[in-house]
Chemist: 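Would you mind keeping the following structure in view while I ask a few things?
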Amino acid sequence: MHKPSFPVAPGETACIALEGPVGPLEVLIDLPKADAPVQPIVAIICHPLSTEGGTLHNKVVTMTATTLRELGIATVRFNFRSVGGSAGEFDHGVGEQEDLKAVTAWVRQQRPDDRLWLAGFSFGAFVSLKAAAELQPEALISIAPPAGRWDFGGIAPPARWLVIQGEQDEIVDPQAVYQWLDSLDAPHELVRMPDTSHFFHRKLIDLRGALTHGVKHWLGTAA
């Protein structure tokens, strides 16, 4: 079975400039941890709000990538337009969905036999949710999805959908998230993290545990 390789060696991070809708997109690719059994999965992870300092280096995004790599999953992080080495201007989630679609098209070209997962934190959760209907990922991870702050109308998450929400989130109202989830006719697994703020201060190890527990039963079996 032919599987083109990402431009990266095990244990290294590859930084590439991928041609996006409005110019280059800064992309980081990491293969699974060396001691992890390799899974035929690539996870694309979306960062929080660009205008509030969100980048692919955000600590929640980085912990998500590290956790998935420990499970044998290759990860792709990228900067939305206007952030870091990515060209363009902030586009309120519309153009950012097009950025995600461009990265996804490249991943599927590089790894046509791999299963696709999407993940996002805060604004990144919004973008990945809005794009999921078209991109059809096998699984979706939404960390602190900003319900009540952005228009989530028309979303179609996959059957494998993990939502992680801090119960002391000072930016995203946890109750708004819970009520929004209750209003959806969509299966999901919700993890409520007590005493946890929006940026998971002092709770990153707990986040790693929630992620690992939430997705490990998806490994080895296609949806």
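Below, all heavy atoms of this structure are taken into account, side chains as well, without hydrogens, waters or symmetry copies. Bear in mind that the values here come from a model prediction, so they are computed numbers and not experimental data. Throughout, numbering of the chain's residues begins at 1 and tracks the sequence.
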Chemist: With salt bridge (Lys or Arg N to Asp or Glu O under 4.0 Å) as the test, would you mind laying out the steps for Arg81 and Glu98 before giving the verdict?
Modeler: CA-CA 10 Å; Arg81 59 187 61 195; Glu98 298 305 313; over 6 Å; no
Chemist: How far apart are the closest heavy atoms of Gly54 and Val83, and which atoms are they?
Modeler: O-CG1, 3.5 Å
Chemist: Once you round to the nearest 0.5 Å, how far does NE2 of His213 lie from CG of Leu162?
Modeler: 9.5 Å
Chemist: Could you work out, with side-chain hydrogen bond (donor to acceptor under 3.5 Å, both in side chains) as the rule, every residue matching Lys59, not counting sequence neighbours?
Modeler: His201
Chemist: Under a 4.5 Å cut-off applied to non-hydrogen side-chain atoms, are Leu118 and Cys46 in contact?
Modeler: no
Chemist: Only pairs under 3.5 Å count here: list side-chain donor-acceptor contacts from residues 174-192, not counting sequence neighbours, and write none if there are none.
Modeler:
{"unit_1": "Tyr178", "atom_1": "OH", "unit_2": "Glu167", "atom_2": "OE2", "d": "3.1"}
{"unit_1": "Ser183", "atom_1": "OG", "unit_2": "Trp180", "atom_2": "O", "d": "2.6"}
{"unit_1": "His188", "atom_1": "ND1", "unit_2": "Ala186", "atom_2": "O", "d": "3.0"}

Chemist: Could you give the distance from CE (Met63) to CG (Leu204), rounded to the nearest 0.5 Å?
Modeler: 5.0 Å
Chemist: For the CD atom of Glu89 and the OG1 atom of Thr51, what is their distance to the nearest 0.5 Å?
Modeler: 13.0 Å
Chemist: Go through the structure and list residues passing side-chain contact (heavy atoms from CB on, under 4.5 Å) with Ala144, not counting sequence neighbours.
Modeler: Phe121, Gln165, Asp169, His198
Chemist: Once ring pair (Phe, Tyr, Trp, His ring centres under 6.0 Å) is applied, do any residues pair with Phe123, and if so which ones, sequence neighbours excluded?
Modeler: Phe80, Phe90, Trp150
Chemist: Under 4.0 Å between a side-chain nitrogen and a carboxylate oxygen: does that hold for Glu138 and Arg160?
Modeler: yes
Chemist: Any side-chain to backbone donor/acceptor pair from Ser128 onto Ala125? Under 3.5 Å, distance only.
Modeler: yes
Chemist: Taking side chain as C-beta onward, heavy atoms only, is Glu70 less than 4.5 Å from Arg208?
Modeler: yes
Chemist: Return the minimal non-hydrogen interatomic distance between Val172 and Pro146, and the atom names on each side.
Modeler: CG2-CA, 3.7 Å
Chemist: If you round to the nearest 0.5 Å, how far is NZ of Lys216 from CG of Leu211?
Modeler: 12.5 Å
Chemist: How long is the straight-line distance from CD1 of Ile164 back to OG1 of Thr64, given to the nearest 0.5 Å?
Modeler: 7.0 Å
Chemist: Any donor-acceptor pair under 3.5 Å linking the side chain of Ser122 with the backbone of Gly124?
Modeler: no
Chemist: Under a 3.5 Å distance rule, please check whether Glu96 uses its side chain to pair with a backbone N or O of Val127 as donor and acceptor.
Modeler: no
Chemist: Got Thr196 and Asp206 here, is their nearest side-chain heavy-atom distance under 4.5 Å?
Modeler: no
Chemist: Do Leu56 and Ile141 belong together in a cluster built from hydrophobic side chains that touch within less than 4.5 Å?
Modeler: no
Chemist: Got a sec, which residues hit side-chain hydrogen bond (donor to acceptor under 3.5 Å, both in side chains) with Gln97, two or more places apart in sequence or on another chain?
Modeler: none
Chemist: Rounded at 0.5 Å granularity, tell me how far CH2 in Trp117 sits from OG1 in Thr75.
Modeler: 12.5 Å
Chemist: Ignoring hydrogens, what is the shortest heavy-atom contact between Val61 and Pro48? Give both atom names and the distance.
Modeler: CG2-CD, 3.9 Å
Chemist: Would you list the atom pairs, donor with acceptor, under 3.5 Å between side chains in residues 18-37 and any protein atom, with sequence neighbours excluded?
Modeler:
{"unit_1": "Glu26", "atom_1": "OE1", "unit_2": "Asn79", "atom_2": "ND2", "d": "2.9"}
{"unit_1": "Glu26", "atom_1": "OE1", "unit_2": "Gly85", "atom_2": "N", "d": "2.6"}
{"unit_1": "Asp30", "atom_1": "OD1", "unit_2": "Thr13", "atom_2": "OG1", "d": "2.4"}
{"unit_1": "Asp30", "atom_1": "OD2", "unit_2": "Arg77", "atom_2": "NH2", "d": "3.1"}

Chemist: With a 4.5 Å cut-off on side-chain heavy-atom distances among I, L, V, M, F, W and Y, is there a chain of contacts connecting Val215 to Ile205?
Modeler: yes
Chemist: Looking only at atom types and distance, does a side-chain atom of Thr66 sit under 3.5 Å from a main-chain N or O of Thr62, one as donor and one as acceptor?
Modeler: yes
